Amino acid sequence: MITIAIDGPGSSGKGTVAREVARRLGFSYVDTGAMYRGVALAARRRGIDWADASAVARLASALQFDFGWDGKLLRVFLDGSDVTTAIRTSSIGAGASVVSRHPEVRAALLQQQCELARAGGTVMDGRDIGTVVAPDAAVKVYLDASLEERARRRHAELVAKGESTTLAAVAEALAERDRRDTEREVAPLRRADDARYLDCTSLEPAEVVELVVGWAKAAIGASPA
Ligand code: DC
């Protein structure tokens with residue numbers, strides 16, 4: 001069973017596409033960004049400073065992550081409790097970007113992510129799936145979109161959830177996260193040499209899903225049974 005790796009910057013549409021591709025193929029879906037968000041949330045709840053690399057890493061290696069479908073929605077469980085909504089705030093997004101810079105935290109999550117990838121029949125999305133977590137993935141996609149379009153999507157999501165924020169503030173926060181994610185020393189966000197690059201600024205998610213499902217079916221047809 002193959003693994004599909006989908007990487008790209010925040011709000012590029014990775015999650016929506018990865019989830020739908022997984023559903024269409026009957027694959028499991030692992031949202032690695034949700035794992036970093038879960039670590040940031042758990043640290044905040046325990047009063048651990050996001051900057052304290054070793055304390056956050058100890059916490060990360062002890063956390064149990066589970067993913068489950070609820071219709072079309074993916075639910076994320078942390079040590080058995082549902083954190084689907086709690087991890088989606090902008091504050092926890094910023095925290096995820098901070099904790100994900102620590103090599104010790106990445107090592108702790110990498111171990112769990114590699115086990116999930118090894119199971120196969122999996123769609124994984126994040127920043128370093130095609131480069132570090134699953135370098136042998138049969139299908140690798142790098143999803144991109146302009147900062148303006150990503151900010152527009154993210155702003156609409158936050159407003160729909162009742163967060164009061166401006167488009168300019170969202171764009172600034174996204175640009176700052178892009179900078180942290182691409183400039184960090186360990187596993188920075190970058191396109192794997194063999195990843196397909198898709199700029200989806202003016203593509204509908206359904207169009208992107210069709211493309212990825214097509215590539216996946218070709219790869220499944222070509223892989224040994
Ligand atoms: O995709 P997201 O917005 O849920 O990710 C939250 C943060 O986690 C993001 O700022 C970078 C980090 N991340 C990472 O470093 N590596 C991954 N594979 C996934 C996410």
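Counting starts at 1 for both ligands and their atoms, in listed order. Nothing here was measured: the structure is a model prediction, and the numbers come from that model.
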Student: By number and element, which atoms of ligand 1 are closer than 4.0 Å to a non-hydrogen atom of T32?
Tutor: 17 (C), 18 (N), 19 (C)
Student: In this structure, would M1 and L25 fall into the same cluster of hydrophobic residues linked by side-chain contacts under 4.5 Å?
Tutor: yes
Student: For ligand 1, does M35 get within less than 4.0 Å through its side chain, its backbone, both, or neither, judged by non-hydrogen atoms?
Tutor: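 None of M35 does.
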Student: Near R37, which atoms of ligand 1 are under 4.0 Å from a heavy atom of that residue?
Tutor: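 Those of ligand 1 that fall under 4.0 Å from R37 are 2 (P), 3 (O), 4 (O), 6 (C).
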Student: Only heavy atoms of A96, strictly under 4.0 Å: list the atoms of ligand 1 that pass.
Tutor: 6 (C), 7 (C), 8 (O)
Student: Atom CZ of R127 and atom OG of S97: how far apart are they, to the nearest 0.5 Å?
Tutor: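 It is 8.0 Å, given to the nearest 0.5 Å.
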Student: Should you measure from each heavy atom of D128, which atoms of ligand 1 turn up under 4.0 Å away?
Tutor: 16 (N), 17 (C), 18 (N)
Student: Would you say the side-chain atoms of R44 and S91 include a donor-acceptor pair closer than 3.5 Å?
Tutor: yes
Student: I'd like to know if R153 and E149 make a salt bridge, using a cut-off of under 4.0 Å between side-chain N and carboxylate O.
Tutor: yes
Student: Determine whether the side chain, the backbone, both or neither of S97 has a heavy atom under 4.0 Å from any heavy atom of ligand 1.
Tutor: both
Student: What I want to know is whether D125 and ligand 1 share at least one N or O pair that is separated by under 3.5 angstrom.
Tutor: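 No: no nitrogen or oxygen of D125 is under 3.5 Å from one in ligand 1.
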Student: Check whether any side-chain heavy atom of F65 lies under 4.5 Å from a side-chain heavy atom of L116, and answer yes or no.
Tutor: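 The answer is no, as the side chains (C-beta and beyond) never meet within the 4.5 Å cut-off.
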Student: Nearest 0.5 Å please: distance from the CD atom of E20 over to the OH atom of Y29.
Tutor: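 One finds 12.0 Å between CD of E20 and OH of Y29.
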Student: Got M35 and F67 here, is their nearest side-chain heavy-atom distance under 4.5 Å?
Tutor: yes
Student: Starting from atom 16 (N) of ligand 1, which protein heavy atom do you reach first, and at what distance in Å?
Tutor: R106 NH2, 3.0 Å
Student: Does a side chain donor of either Y36 or R106 reach within less than 3.5 Å of an acceptor in the other side chain?
Tutor: yes
Student: Give me the nearest non-hydrogen protein atom to atom 1 (O) of ligand 1 as residue plus atom name, then the distance to 0.1 Å.
Tutor: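 Minimum-distance protein heavy atom for atom 1 (O) of ligand 1 reads R127 NH1, 2.8 Å.
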Student: What are the two closest non-hydrogen atoms of Q112 and S61, and how far apart are they?
Tutor: NE2-O, 4.3 Å
Student: Below 4.0 angstrom from a heavy atom of R184, which ligand 1 atoms are there? Numbered from 1 as shown, please.
Tutor: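 Selected atoms, number and element: 14 (C), 15 (O), 16 (N).
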Student: In the protein, what heavy atom is nearest to atom 8 (O) of ligand 1, and what distance, to one decimal place, separates them?
Tutor: Y36 CB, 3.6 Å
Student: Using a 4.0 Å cutoff against the non-hydrogen atoms of S100, which atoms of ligand 1 qualify?
Tutor: 11 (C), 12 (C), 15 (O)
Student: Given that the side chain starts at C-beta and the backbone is N, CA, C, O, which of these parts of E176 lies under 4.0 Å from ligand 1, counting heavy atoms, or is it both or neither?
Tutor: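 Answer for E176: neither.
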Student: With a cut-off of 4.0 Å, which atoms of ligand 1 are near a heavy atom of K14?
Tutor: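 So the answer, numbered in order with elements, is 1 (O).
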Student: So do the side chains of F77 and V83 get within less than 4.5 Å of each other, counting heavy atoms only?
Tutor: no
Student: At a non-hydrogen distance cut-off of under 4.0 Å, which region of R177 contacts ligand 1 (side chain, backbone, both, or neither)?
Tutor: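 It is the side chain that gets close, since no backbone atom is under 4.0 Å.
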